[in-house]
Each structure stands twice: as C-alpha cells, then as structure tokens.
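Step one of this worksheet: look at the structure below.
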Amino acid sequence: MQNLISSAPSRRRCTEQRCISLLQSATSLPRLLQALAFLLKCGNQSNLLVLTRFAAAAAILGPGAAAAAATLLFSPSFSPLHLYDSFLLNTSLQSLSPSPLHPLPIFSLMLRLQLPPNHFTFPFLLKAISATPSPLASASLVHCSALRFGFAGDSFVQNTLIHAYASAGGAGLESARKVFGESPKTSPITFSAMIGGYVLHGRSNDAIVLFRQMQYAGIQPDYVTIMTALSACIDLGALDLAQWISSFVAKENIPKTLCLCNALVDALAKCGDVDGALEVFDQMLERNIISWTSVIDGLAMHSRGMEAVRMFETMKASGVKPDAVAFIGVLKACSHGCLVSDGRHYFASMTTEFGFEPRIEHYGCMVDLFSRAGMVEEAMEFVRAMPIKPNPVVWRTLIAACRIHGNLQLGENVTKRLIKEEPLYGSNYVLLSNFYALSKRWEKKWEIRYTMGQQEMCKVPGFSMLELNGEIYDFVAGGEKLSRHQEIYEMVEEIAKKLKRAGYVPTTSEMLLDIDDEDKEDALHWHSEKLAIAFALLKTLPGTRIRILKNLRVCGDCHSATKFISKVYQREIVVRDRSRFHCFKDGACSCKDFW
DNA sequence: CTAGGGTTAG
C-alpha cells in the first residue's frame, strides 16, 4: 500500500523527465519529430510541458526547425492544441531562459502564425534575449515590436527591456537609460536593472550615482538593489558606501537573506573592512560555502593568512565541505601569508581527503605560494611536474617571481616561451623588455619596444582611484585629466625631497627607460598612486587614513616609497592592488613585502 | 505562466 502511494507520482515525473531528455537529445529535425511521435503515442497530446519542450528543442535546432515544429503544433490536425495559442509559445519562450538559446525564432513564428503576443510574451522574450551573446539588435527589434503591439508602457516590459539593453553594454546602456528615463513607474526592480547594467559593464560610478538618486527619489532599495550596489562598491573600493549600506541593512527592515549577507561580507572585505566583514559573518544565522569562502578570501587579501586557515578548519569542523573555490581561497591565504607548509598540506588534502582533481587555478596558487616565498626553483620544478598544461597565468606568476627575486635568466627564458604561446599579447613583450632592462641590454630592449610600436601593441595604462568625502577621484600616470595638477606635482616634488632626507632611495630598476638616473627618478614620481597619495595628503587633515585603489599591482618603488610616506607623514595608507590590500603604517606594510 | 541577483589563482 505504502509503495503504491509513493510510486505513482514519481513514476509520472520520471516519464516526463524522460520525455524532456528525449526531446533535448534530438540532434536533427527528423529525430525530433520521431521523438515527438513516440511521446504522443505514450499519451502526451495535452501535456503542455512536453509540447513546449518540443518547441524549445526545435528552436535550438534553428529557425527552419522551429518553423516546422510550430506549423505542426498549430495545424488544425493537431487540435485542440491551437486553443493554447500564445500561451504555448510564451511557455516555450520561458523555457529558453536562462539557457543562451536564441528566442527570436519562436517569436517570429508566433507573428507569422498570427498569434498575438500578450503582456506575458515580452518579459519572457526579453529575459531570454538578455542571456544571448549580443542582445542589442534583438532587444531593439523586440522593443519596436512591443511598441507596435502597445505593450511598451507595461512596467514588466520596461524593466525587462532595460535589463536586455543593459546586458548588451556599450550603446545598449544608453538605450537602457532612455527606457529607464521614460518609465513612469520606477520600482526597486527598475533601478536594479539599470544599476546592474552599469556595474556589469564597468560603469560603477554611474551605478552609484543612480543608487543615490534612487534614495533621493524616496524609493527604498530592496535586497537585490543592495547587492547590486555592493558590487559597484567592490569595483570602486567605496568603503564609506559599503559601510553605510551595511548599517542601513542592519537598521532598516530589509530581509537579511543568505545572499545579501554573503554579498555584504564580500563587499566589506574587498573594500578594506575585514573586521566589519567578520562581524556580519559572525551574526549570520545561516552560512553556506559561499559565506565561508568570502570570509576566508577576505582574510587572505588582508594578509591574515593564519586566521584564514583557522577559519577554513572551523568551516570543515562545522560540517561544510570545501569545494574547489574554497580551496582557491585557502591556498591564496597560504601564499599571501607565506604559509608554505600549510599550503602544501591543503593542496595534498584536496585529493587525499576530498577526492578533487586540482584545477589549473589550484596549481597556479601553488606556483604563487613557492614564488612569493622566494622558492623560484621549486616553483619551476612544480610547473614542470604539473599533470596539466601550464597556462599563461602560471607563466606570468613565475615570471613575476623571477623579476622580484632576481632570477633573470630563468625569467627571460620563461617569458620567451610565453611569447611563443601568446604572441599577440602586448604585456608579454613589456615583461621581456623588463628583463633586458634589468640586465642592462638596452639594444635588445629597444628592439622589443620597436616591434611593439610596429604592431601597435601597448601596455594596459595604470590608474588609481581615491575616495574623498564620498567623491571618487581618478589618477592616471601623467595626470592630464586633473584640473589641479600643478598643485599635485609640486606636492610630489616636496614628498620626494622629504623622503630622500628620511633615507629613501628610489628603485629605478623597474623603469623601462635607459635614461640617466635622475630622469628615471623623475619618471617614477608620476606613477598614478603617487599622484593619488600626494592629492590625498593635500586634501585631508593630518592623521586621516588614506585609501587608494589601483588596477595593476603596486610596483616595487611605489611600495617602498609608500612605506616611507607612512612614516614621514604619520599616515596610514591603504592600497588595494589587483589582488590584495597593502596597509602602510609607520614605515611598514601589512603584506610584509610578500606581494 | 511575467521583471532586477552571490564566492574563483596573477
């Protein structure tokens, strides 16, 4: 008896599941039709799920197959299916999301069969379009269609339209903004769609401006808007805003969902407030692997490797099984904290204790672990013994170690090998020319620079950002974007003099120019973070902590200069690198010079 | 039957 009751629904589910996989596995239209015929024989005439999956499977095969399928489905001989009309096609559209399959064939069929789209059609359609590779053209096509059918004023349509346009980036963002501006009713959803689009395409400044406007307009952000705004904070290192959001969440009646708390932990840590992140983490009622990974990664970024390792152990003890990403976190903590033996232990435990096959990222962490610790030969040996092919990232890790630890010959060889693999990537040639400069082979260096010029390859320009009183300031080397540059350059000169008196010796070896030493020193002063620090020293009261964010890694000279500045000017200076934090205080850096 | 979203080596 018990058996009968429990097996009946499960058998039906199983059949349906089988239908779907049968349809999805069809590789051509004839096979698909064959599959459908079989399913109909099993009595699926009115099973909507099966029929919509059939339509979706046909759409995957291409417009021709989709047309044939729809003609079949909606032909009179297939009655009474035509009663489903738009509903069937809407559901087909829905079933395409979030897979990246193109929904337009289904939509055009719908029009061809003169089935009128209704107000469910456009959101489904636009949602599916957002997930396709280049949604701009499709979005504007559907936009026109929505206007023609009189659905452009529907708020669901507007929100999905903003999302679809914004997903395209570039000009799509402007189209999205236009729809956004024309939307009469704005909800947190409208704002999330627009803000999310900005964040997705690297315009986090615009995202935050809009987030502020939202509050100004009296619209209460909900948890999705907040998570989106937190992503923008991460991009910009906007600590003030991240902390403000954190307290906002604490005092307002916003559901503290697992997702939201994870986003808060991640954002606070990445904006420089690990202790704030730990506080949120401690108060969480429920934690998943992402919560643990975020907090471990946050500790790793701040050189708190031992704590990260303890956290990893606590996680295991609390019954959460580490996954591949969590291992990346703990291995990163070991390499940034110079915990070589712990790193070895965790790497080994991946296979012995948890049965994972380490991925290239894990091998990369190990190479970094040995490299930072100065064990360059060991790192090279590790790469040689790797069972998977090292990728360019691994090579670059090793190359960075060779440069820092002075293994010039090895570095040069590895860089040449990298260039063979990636001949079109400009930065690789810069790396090679660096080694030539370090070994003072200027002709070789100029040869490379010449080749680069010929092929129009260039270096990623470095920039720094600084947040002062809620405003974000940009600095690029040379500083031509700044209106007050004269003042800043004078400050840079003054800093240089003071540092020299304090015993600072500029490191010129990282410069690529073979000009005389004095000029080299000059050129080093223009690195974007030096400009940012000078500006911050001018604009803030003594004792204020200075926070800088960079797109590249800190160069050796800036690192030692900043250590001196922190002592001479008695300031705490926090620099967020590409991958970690440096907290300069009293002439020392929290990274203990491992970076 | 409708909309916006989270951790990942350098």
Side-chain angles (χ1 to χ4, degrees), chain A residues 48-49 52 84 86-95 97-98 118-127 130 151 154-164 166-167 183 187-197 199-200 221-231 234 257-267 269-270 288-298 300 323-336 358-369 371-372 390-401 427 552-553 577-580 595:
Chain A
L48 200 57
L49 182 65
T52 54
Y84 291 123
S86 306
F87 183 53
L88 178 53
L89 282 176
N90 278 346
T91 322
S92 313
L93 285 172
Q94 190 182 20
S95 72
S97 215
N118 56 28
H119 59 102
F120 293 113
T121 311
F122 289 100
F124 283 142
L125 186 55
L126 287 162
K127 186 179 180 182
S130 303
F151 290 112
D154 183 284
S155 66
F156 280 84
V157 175
Q158 281 164 349
N159 292 338
T160 37
L161 196 53
I162 292 167
H163 182 62
S167 307
S183 302
S187 66
I189 299 173
T190 322
F191 276 93
S192 306
M194 196 62 232
I195 295 172
V199 174
L200 190 64
D222 67 4
Y223 81 101
V224 178
T225 328
I226 289 175
M227 286 192 338
T228 316
L230 286 171
S231 306
I234 293 175
T257 59
L258 182 58
C259 277
L260 178 57
C261 292
N262 287 346
L264 264 175
V265 169
D266 187 42
K270 290 206 171 103
N288 64 4
I289 185 72
I290 294 174
S291 332
W292 288 98
T293 306
S294 299
V295 84
I296 289 168
D297 210 59
D323 64 3
V325 183
F327 270 106
I328 291 174
V330 76
L331 291 175
K332 195 162 120 181
C334 293
S335 80
H336 289 235
R359 298 198 311 232
I360 187 71
E361 291 93 331
H362 301 109
Y363 287 100
C365 287
M366 291 307 283
V367 175
D368 193 47
L369 174 75
S371 294
R372 279 178 204 276
N391 64 5
V393 179
V394 169
W395 293 125
R396 276 190 281 273
T397 306
L398 200 55
I399 290 164
S427 308
L552 304 172
R553 281 174 72 176
D577 221 35
R578 253 191 92 98
S579 66
R580 50 128 54 250
W595 90 95

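Hydrogens, waters and symmetry mates are skipped; everything else that's a heavy atom, side chains included, is used. Quick caveat: nothing in here was measured; it's all calculated off a predicted structure. Lettering of chains follows the sequences in order, A, B, ..., and the numbering in each one begins at 1.
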Nearest whole Å is fine: how far is [N] [atom2] from [X] [atom1]?
X: R553(A); N: dA9(B); atom1: CZ; atom2: P; answer: 13 Å
X: L331(A); N: dG10(B); atom1: CG; atom2: C1'; answer: 14 Å
X: F120(A); N: dA3(B); atom1: CZ; atom2: C1'; answer: 13 Å
X: D323(A); N: dA9(B); atom1: CG; atom2: P; answer: 13 Å
X: K332(A); N: dT7(B); atom1: NZ; atom2: C1'; answer: 10 Å
X: R580(A); N: dA9(B); atom1: CZ; atom2: C1'; answer: 14 Å
X: M227(A); N: dG5(B); atom1: CE; atom2: C1'; answer: 4 Å
X: F124(A); N: dC1(B); atom1: CZ; atom2: P; answer: 9 Å

Closest to the [X] side chain: [options]?
X: I328(A); options: dG4(B), dA9(B), dG10(B); answer: dA9(B)
X: K270(A); options: dA3(B), dG5(B), dT8(B); answer: dT8(B)
X: T397(A); options: dG10(B), dA9(B), dG4(B); answer: dG10(B)
X: P123(A); options: dT7(B), dG10(B), dT2(B); answer: dT2(B)
X: F156(A); options: dA9(B), dG5(B), dT2(B); answer: dT2(B)
X: E361(A); options: dA9(B), dG4(B), dC1(B); answer: dA9(B)
X: N159(A); options: dG4(B), dG5(B), dA3(B); answer: dA3(B)
X: V224(A); options: dA9(B), dG5(B), dT7(B); answer: dG5(B)
X: H163(A); options: dA9(B), dC1(B), dG4(B); answer: dG4(B)
X: I290(A); options: dT7(B), dA3(B), dT8(B); answer: dT7(B)

- Side chain to side chain, L331(A) and H362(A), heavy atoms closer than 4.5 Å: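 Heavy-atom side-chain distance check passes, below 4.5 Å.
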
Would you indicate what [X] reaches in the nucleic acid, counting non-hydrogen atoms under 4.0 angstrom: base, sugar-phosphate, or nothing?
X: F327(A); answer: nothing
X: P392(A); answer: nothing
X: T190(A); answer: nothing
X: H119(A); answer: base
X: L260(A); answer: nothing
X: D222(A); answer: base
X: N288(A); answer: base

- Task: Let me see the working for N118(A) and T121(A) under side-chain hydrogen bond (donor to acceptor under 3.5 Å, both in side chains), right down to the final yes or no.
- Result: CA-CA 5 Å; N118(A) 56 28; T121(A) 311; 3.1 Å; yes

Looking at [N], I'd like to know if its phosphate oxygens (OP1 or OP2) sit under 4.0 Å from a side-chain N or O belonging to [X].
X: K127(A); N: dC1(B); value: no
X: R372(A); N: dG10(B); value: yes
X: H336(A); N: dG10(B); value: yes

- S294(A) pairs by side-chain contact (heavy atoms from CB on, under 4.5 Å) with which of I289(A), D266(A), V325(A)?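 The option that passes is D266(A).
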
- Would you say the base of dA9(B) and the side-chain of N391(A) have a donor-acceptor pair closer than 3.5 Å?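 Between dA9(B) and N391(A), which were checked side chain against base, a qualifying N/O pair under 3.5 Å is present.
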
- Message: Quiz question: going by heavy-atom distance under 3.5 Å, is there a donor-acceptor pair between the base of dG10(B) and the side chain of S579(A)?
- Response: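 In this structure, the two groups form no donor-acceptor pair.
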
- Does any N or O in the side chain of H336(A) come within less than 3.5 Å of the main-chain N or O of A333(A), such that one atom is a donor and the other an acceptor?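 Not at all, since once roles are kept as given, no pair shorter than 3.5 Å links the two residues.
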
- Measure from the side-chain N and O atoms of N159(A) to the backbone N and O of S155(A), and report whether any donor-acceptor pair falls under 3.5 Å.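 Flag set: sc N159(A) to bb S155(A) pair under 3.5 Å.
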
- Residues in ring-ring contact (aromatic ring centres under 6.0 Å, His included) with F151(A), at least two apart?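 F122(A).
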
- Could I get the full list of side chain to side chain contact (heavy atoms under 4.5 Å, CB included) partners for N391(A), not counting sequence neighbours?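 Per chain and number, N391(A) pairs via side chain to side chain contact (heavy atoms under 4.5 Å, CB included) with I360(A), V393(A), V394(A).
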
